[in-house]
Amino acid sequence: MKDMSNSVATAVSIKNAVKTSAENGTGVDLQGYESATVFVDVGAEGDTLSSSVHFEISLEHSDDNSTFTDVAQADIVDGTISGSGIFLKLDGTAGGNPDTAGDIFRVGYRGGKRYIRVVLAKTGTHSNGTPIGAFVMKGHARHSADNAFTAHAS
């Protein structure tokens, strides 16, 4: 078995908590890495999600961690951008319905910008909220020092 732990780095974009409102995630710096995968951790819905009560989760990117734009379909793998950078809609339908144990959704980023962030938009009234968090796994470090990779004696 190979060691993956020392060849990746993670960063939180949206802190995992019960969400009842919209939120712009923190920008994640991809400098020094050649790949990134965004993971969205969703717990059991606190409100009945539907076409009128839902969350839309999108991905944005930036050169300067200040001016963000929507990620396009050409910039992702393992997912579909439905518009405005949206790659996940939590609306209680198939593919967007977290079960009672929760679910983890993912999308791979292959765009050329230095920063990415996850954005959470809401529609309708979310009285009880839904646990949602998002983190980025950065991989394929350009230099082993960028990810604290250490050599081990055999």
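Please read these numbers as outputs of a predicted model, since none were measured by experiment.
At distances below 3.5 Å, at least one donor-acceptor pair connects side-chain atoms of Asp47 with backbone N or O atoms of Gly129. The closest donor-acceptor contact from the side chain of Ser62 to the backbone of Thr67 lies under 3.5 Å. No donor-acceptor distance shorter than 3.5 angstrom exists from the side chain of Gln73 to the backbone of Ser82, with no hydrogens or angles considered. A donor-acceptor pair under 3.5 Å is formed between the side chain of Ser13 and the backbone N or O of Val118.
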For the pair Phe68 and His61, evaluate ring pair (Phe, Tyr, Trp, His ring centres under 6.0 Å) and give the outcome as yes or no after the intermediate values. CA-CA 5 Å; Phe68 283 86; His61 55 184; 8.7 Å; no
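With rounding to the nearest 0.5 Å, the separation of CD in Gln31 from CG in Asn65 is 12.0 Å. Within the model, atoms CG of Leu88 and CG of Asp103 stand 9.5 Å from one another, a figure rounded to the nearest 0.5 Å. A distance of 6.0 Å separates OG1 in Thr80 from CD1 in Ile76, rounded to the nearest 0.5 Å. In this structure, the separation between CD1 on Ile104 and CG on Asp41 is 5.0 Å, given to the nearest 0.5 Å. Note that CZ of Phe55 is 10.0 Å distant from CD of Glu23, once rounded to the nearest 0.5 Å. Note that OG1 of Thr37 is 7.5 Å distant from CG of Asp78, once rounded to the nearest 0.5 Å.
Side-chain N/O atoms of Ser66 and Asp64 include no donor and acceptor closer than 3.5 Å. Under 3.5 Å, the side chains of His140 and Tyr33 contain no donor-acceptor pair of N or O atoms.
Under the 4.5 Å side-chain contact rule for hydrophobic residues, Ile86 and Ile116 do not share a cluster. Hydrophobic cluster membership is shared by Phe105 and Val107, with clusters built from Ile, Leu, Val, Met, Phe, Trp and Tyr side chains linked at under 4.5 angstrom. The same ILVMFWY cluster, assembled from side-chain heavy atoms under 4.5 Å apart, contains both Ile14 and Leu49. Note: the hydrophobic cluster containing Leu120 also contains Val38 (ILVMFWY, side chain heavy atoms under 4.5 Å, direct or indirect links). Follow the hydrophobic side-chain contacts under 4.5 Å out from Val119 and you never reach Leu90; the two are in separate clusters.
Contact of the Leu30 side chain with the Arg114 side chain is not registered, since no non-hydrogen atoms from C-beta on lie closer than 4.5 Å. Side-chain contact between Tyr109 and Asp75 is present, with heavy atoms from C-beta onward closer than 4.5 Å. Side-chain contact check for Lys19 versus Thr130: every heavy-atom pair is 4.5 Å or farther apart.
Counting only residues at least two apart or in different chains, salt bridge (Lys or Arg N to Asp or Glu O under 4.0 Å) contacts with residues 118-135 are absent.
Contact between Pro131 and Ala44 at its shortest, heavy atoms only, is CD-O, 3.3 Å. For the pair Ala121 and Ala22, the tightest heavy-atom approach, listed with the atom from each and the gap, is CA-CB, 4.2 Å. Taking every heavy atom of both residues into account, Asn128 and Gly46 meet most closely at ND2-O, 3.1 Å.
Checking Thr26, Val28, Val71, Asn24 one by one against Arg117, the side chain to side chain contact (heavy atoms under 4.5 Å, CB included) holds for a single residue, Asn24. Across Arg142, Lys138, Arg110, a single residue satisfies salt bridge (charged side-chain N to carboxylate O under 4.0 Å, His left out) together with Glu34, and that is Arg142.
Using cut-offs of 30° and 60° on the angle between ring planes, the pair Phe39 and Phe135 is parallel.
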